[in-house]
Structure formats: structure tokens, C-alpha cells
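Structure first, commentary second.
Quick note: numbers below take in every heavy atom, side chains included, and nothing from hydrogens, waters or symmetry partners. Letters A, B, ... are given to chains in the order of the sequence lines, protein chains preceding strands, and every chain is numbered from 1. The structure presented is a predicted model; accordingly, all values stated were derived computationally and were not measured.
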There are 2 protein chains.
Amino acid sequence: MRLNLDKIDLRILECLQAEGRISNQDLAARIALSPSACLRRVKLLEDAGVISGYQCVLDPVKLGLEVEAVVHVSMRHEVPNWHETFVSALQDWPEVVSARIVTGGANYMLVVRTRDVSHYSDFIVNRLYRAPGVRDIQSNIVLGSIKQQTSVLDVLSVKNGS
Amino acid sequence: MRLNLDKIDLRILECLQAEGRISNQDLAARIALSPSACLRRVKLLEDAGVISGYQCVLDPVKLGLEVEAVVHVSMRHEVPNWHETFVSALQDWPEVVSARIVTGGANYMLVVRTRDVSHYSDFIVNRLYRAPGVRDIQSNIVLGSIKQQTSVLDVLSVKNGS
DNA sequence: GCTGAAAGTCGGCACCT
DNA sequence: AGGTGCCGACTTTCAGC
């Protein structure tokens with residue numbers, strides 16, 4: 001179910017990416033449309049699932065979560081149900097912000113958030129390494145952020161005639 | 001500037017993470033507070049930078065961005081200004097969703113989003129590998145997503161007496 | 001598919017507890 | 001700190017174009 005998005009839709013999405021709580025009236029004014037027409041388009045985008053939700057963006061450091069790390073995990077494939085077991089373990093660990101299955105040497109790539117280094121160490125040593133089926137871990141602490149694209153829309157305009 | 005967040009603040013943040021466009025009235029009702037007291041707390045959280053903004057969540061696949069990849073990049077450190085040059089190159093590539101400086105073998109970890117595999121290949125071969133100072137690339141395509149934590153708050157409740 | 005008007009609802013503020 | 005009440009602004013629906 002991929003919809004045909006015109007330029008007005010893309011401008012709506014751009015605005016809502018930058019200002020998720022903008023009023024429908026302001027949004028309509030910014031894209032030069034009447035409030036009701038604008039609202040109808042937004043609802044269509046929501047119903048189509050293009051917009052899957054809205055959320056506030058939180059500052060992890062201000063919340064006391066100062067350590068971010070990227071962890072690649074390799075599994076011992078002789079352990080039965082290694083995948084299912086690990087997936088369900090991940091759900092119980094709030095430190096794991098995101099988990100992906102990846103190609104290459106490792107099976108999984110995790111992004112982990114902790115309060116400090118000792119919290120991170122505790123997570124790696126006492127929980128991740130002790131999880132059933134885990135063979136090896138490659139742990140990379142994030143020293144700094146260079147780029148964090150707020151919108152995923154920019155790439156659409158490259159070599160794209162829509 | 002780290003503020004003391006009480007349980008009411010955390011419940012406000014939880015609600016706004018899940019429903020970024022909830023009305024202040026509904027939010028106040030959900031956390032059992034009057035609308036004005038609730039709004040005052042939200043404004044304080046915004047002013048303190050705990051809430052850094054609001055945005056809609058888009059579905060990359062519905063937008064035609066089907067390929068996600070994790071790329072580790074190592075640099076040739078003998079090239080002058082290798083860091084500054086690479087950082088500014090990254091800003092011009094919309095395919096790069098996020099870029100981090102990491103410890104370990106590689107210098108950078110990138111998350112890349114492209115329309116399809118040929119678009120990804122074009123990015124890696126024609127742009128990333130040709131960037132000045134790039135020595136080696138470890139490219140891992142994402143096969144699936146196991147976990148994507150919408151809220152960063154869960155980890156606060158672990159071993160945390162606030 | 002967009003516009004415009006009408007009715008219900010909300011956000012923001014002053015003021016009080 | 002939290003609650004109440006008010007007014008201007010907003011959202012949302014339903015006509016008509």
C-alpha cells in the first residue's frame with residue numbers, strides 16, 4: 001500500500017517532522033491551503049500509515065542517560081532456539097533502544113543507552129554476555145554525534161521524480 | 001542543567017512520547033492534574049530542554065525507502081583534516097540518517113537509508129568510498145528490526161530511585 | 001478536491017487557594 | 001506548588017462550489 005504523494009503532501013510531512021504539534025491552522029497557512037483541506041490530507045496520511053504517530057523528542061543527557069553504545073552480537077548457532085531466546089531477552093532490557101538483524105560477521109546490532117559507564121559495564125558483563133547463545137560481543141561506545149537527521153524525507157528528493 | 005523530575009513529570013513525558021499531539025486537556029486528565037498545572041509543567045520541561053521538540057513518525061517503507069544499513073568507516077589518519085572534511089561531506093548526503101564517532105576499530109558508525117539496493121550500492125561505491133581520507137568500510141545491511149524503543153524512559157526506572 | 005461558516009472544544013492567562 | 005473561570009483561538013464537521 002504505497003500512496004502517490006504530491007508536493008503538497010511532502011510539504012505537510014516536512015512541517016510535521018519539524019513541528020509535530022503545529023496547529024492545523026498554522027500548517028494550512030504554511031502550505032497555502034485551507035484548514036479543512038489541510039486536515040483532510042493529514043488524516044489521509046495518518047490512515048495510510050505514512051504518518052505512524054507523533055512523539056516528543058527527549059534529550060537523553062538531560063534525563064541522566066549519558067552513555068550510548070553500539071553493540072554487535074554474534075551467536076553460537078548450535079544452541080537450540082538461539083534466535084527466539086535472544087529476541088525475548090532483548091524485550092526485557094530497557095537499556096536496549098534498538099535491535100536489528102544485520103548481514104556480515106555479527107548477527108545483531110544493538111544500540112544501548114545507560115546512565116553511566118558502570119551501568120553500561122553491568123549491562124554488558126552481567127546480562128548481555130550471560131544471555132543464552134551469545135558467543136561474542138563487539139562493544140563500541142559512542143564518543144560523539146556528528147549528524148542526526150530529524151527528517152527522512154531529504155533522501156526522497158535525490159534522483160527521484162515524484 | 002539537570003532538573004529533578006518527579007513521577008508526574010515522568011508520566012507526562014511517557015504520554016507525550018506515545019501521543020505527541022494529545023491535547024493538554026486530555027493529558028491533564030490522564031495524569032490526574034488540572035489543565036493549567038499540567039500545561040505549566042509541560043512548558044517547564046520544554047524550556048529546560050528535556051523536551052527538545054515534537055515530530056511525526058514516518059514509515060520509511062511507505063515512503064519508498066526500503067533499504068537500511070549500518071556502515072562502519074575507518075579513516076586514513078595521515079590525510080590532513082580528515083575529520084573535518086568527512087564531517088562536512090556527511091552533511092551533503094541525505095542518505096546518511098545518523099553519524100556517530102565510536103570507539104573500537106572504526107572511526108565512524110553511519111546509519112544509511114536508501115530506496116533500494118542499487119541506490120545503496122551507488123552511495124557506497126560512488127560517494128562514500130571516494131570521500132577523501134576514507135580507508136575502509138564495513139557495510140552491514142539491515143535484514144530486520146527486532147526492537148525499536150519509542151521511549152527512552154524505561155531505562156530510568158531500573159535501579160533508579162528518582 | 002477545495003472553500004467557508006457554524007458549533008463545540010481547547011489553550012493561555014489572570015487570579016485565588 | 002495546584003485549582004477555577006474566562007476569552008480568544010482553534011479543531012472539526014457539513015454544507016456548497
Side-chain angles (χ1 to χ4, degrees), chain A residues 1-59 62-64 150-151 153 156-157 160-162, chain B residues 1-59 62-64 150-151 153 156-157 160-162:
Chain A
M1 183 183 183
R2 177 121 36 98
L3 282 171
N4 278 1
L5 305 177
D6 62 15
K7 295 198 172 181
I8 297 179
D9 289 319
L10 290 179
R11 283 166 61 200
I12 288 176
L13 295 178
E14 263 174 60
C15 283
L16 288 176
Q17 283 268 300
E19 290 184 60
R21 272 183 88 91
I22 190 175
S23 77
N24 182 60
Q25 208 165 260
D26 288 352
L27 178 60
R30 206 165 298 185
I31 62 176
L33 219 62
S34 75
S36 58
C38 179
L39 185 64
R40 188 151 19 97
R41 279 172 178 270
V42 172
K43 294 295 178 197
L44 283 174
L45 290 167
E46 290 171 1
D47 293 343
V50 177
I51 298 174
S52 60
Y54 300 88
Q55 58 183 222
C56 63
V57 182
L58 301 182
D59 183 334
K62 292 243 165 79
L63 289 168
T150 54
S151 170
L153 292 169
L156 289 178
S157 56
N160 200 359
S162 68
Chain B
M1 184 182 184
R2 176 122 37 95
L3 282 171
N4 279 0
L5 305 177
D6 61 15
K7 295 199 170 177
I8 296 180
D9 289 317
L10 290 179
R11 282 165 63 199
I12 288 176
L13 295 178
E14 264 173 59
C15 283
L16 288 176
Q17 283 269 303
E19 290 183 61
R21 271 184 90 92
I22 189 173
S23 76
N24 181 61
Q25 213 166 258
D26 288 352
L27 178 61
R30 206 165 298 185
I31 63 176
L33 217 63
S34 76
S36 62
C38 179
L39 186 64
R40 193 150 11 106
R41 278 173 178 267
V42 171
K43 294 296 178 199
L44 283 173
L45 289 167
E46 289 171 1
D47 292 343
V50 177
I51 298 173
S52 61
Y54 299 88
Q55 58 183 220
C56 65
V57 182
L58 301 182
D59 183 335
K62 292 242 165 80
L63 290 168
T150 54
S151 169
L153 292 169
L156 289 178
S157 56
N160 200 0
S162 68

Shortest non-hydrogen separation from Gly20(A) to Arg21(B) and the atoms involved: O-NH1, 2.7 Å
Interatomic distance, Leu39(A) CG vs dT13(D) P [rounded to whole Å]: 7 Å
Pairing residues for Arg30(A) by the salt bridge (Lys or Arg N to Asp or Glu O under 4.0 Å) criterion, not counting sequence neighbours: Glu19(A)
Those residues that, when tested against Arg40(A), pass salt bridge (Lys or Arg N to Asp or Glu O under 4.0 Å) (two or more places apart): none
Under 4.0 Å protein heavy-atom contact, by nucleotide of nucleotides 3-8 of chain D - B base, S sugar-phosphate only: BB----
Considering all heavy atoms, the nearest Asp9(B)-Leu5(B) contact: OD2-CA, 3.7 Å
Covered region of DNA chain C, 5' end to 3' end, by chain A [heavy atoms, under 4.0 Å]: dG1(C) to dG4(C)
Those residues of residues 17-26 of chain A lying under 4.0 Å from DNA chain D by at least one heavy atom: Ser23(A), Asn24(A), Gln25(A)
Nearest heavy atoms of Asp59(A) and Gly49(B), plus distance in Å: CB-O, 3.4 Å
4.5 Å side-chain heavy-atom contact, Leu33(B) and Arg41(B): yes
Non-hydrogen side-chain atoms of Leu16(A) and Leu45(A) separated by less than 4.5 Å: no
Donor-acceptor contact below 3.5 Å, side chain Arg11(A) vs main chain Asp6(A): no
Residues forming a side-chain contact (heavy atoms from CB on, under 4.5 Å) with Leu39(A), sequence neighbours excluded: Asn24(A), Lys43(A)
Global bending angle along the helix from dG1(C)-dC17(D) to dT17(C)-dA1(D), which compares the axes of five pairs at either end, to 10 degrees: 30°
Distance in Å, Ile12(A) CD1 paired with Ile31(A) CD1, rounded so as to fall on 0.5 Å steps: 3.5 Å
Minimum heavy-atom distance Gln17(A)-Leu58(B), with the two atoms named: NE2-CG, 3.2 Å
Test side-chain contact (heavy atoms from CB on, under 4.5 Å) applied to Ser34(B) - qualifying residues, sequence neighbours left out: Ser36(B), Ala37(B)
Can you list, pair by pair, the side-chain donor-acceptor contacts under 3.5 Å of residues 50-57 of chain B, counting residues two or more places apart and other chains?
{"unit_1": "Ser52(B)", "atom_1": "OG", "unit_2": "Val57(A)", "atom_2": "O", "d": "3.2"}
{"unit_1": "Tyr54(B)", "atom_1": "OH", "unit_2": "Glu46(B)", "atom_2": "OE2", "d": "2.6"}

Can you name the atoms? Protein N/O to nucleotides 15-17 of chain D N/O, anything below 3.5 Å, with the distance.
none

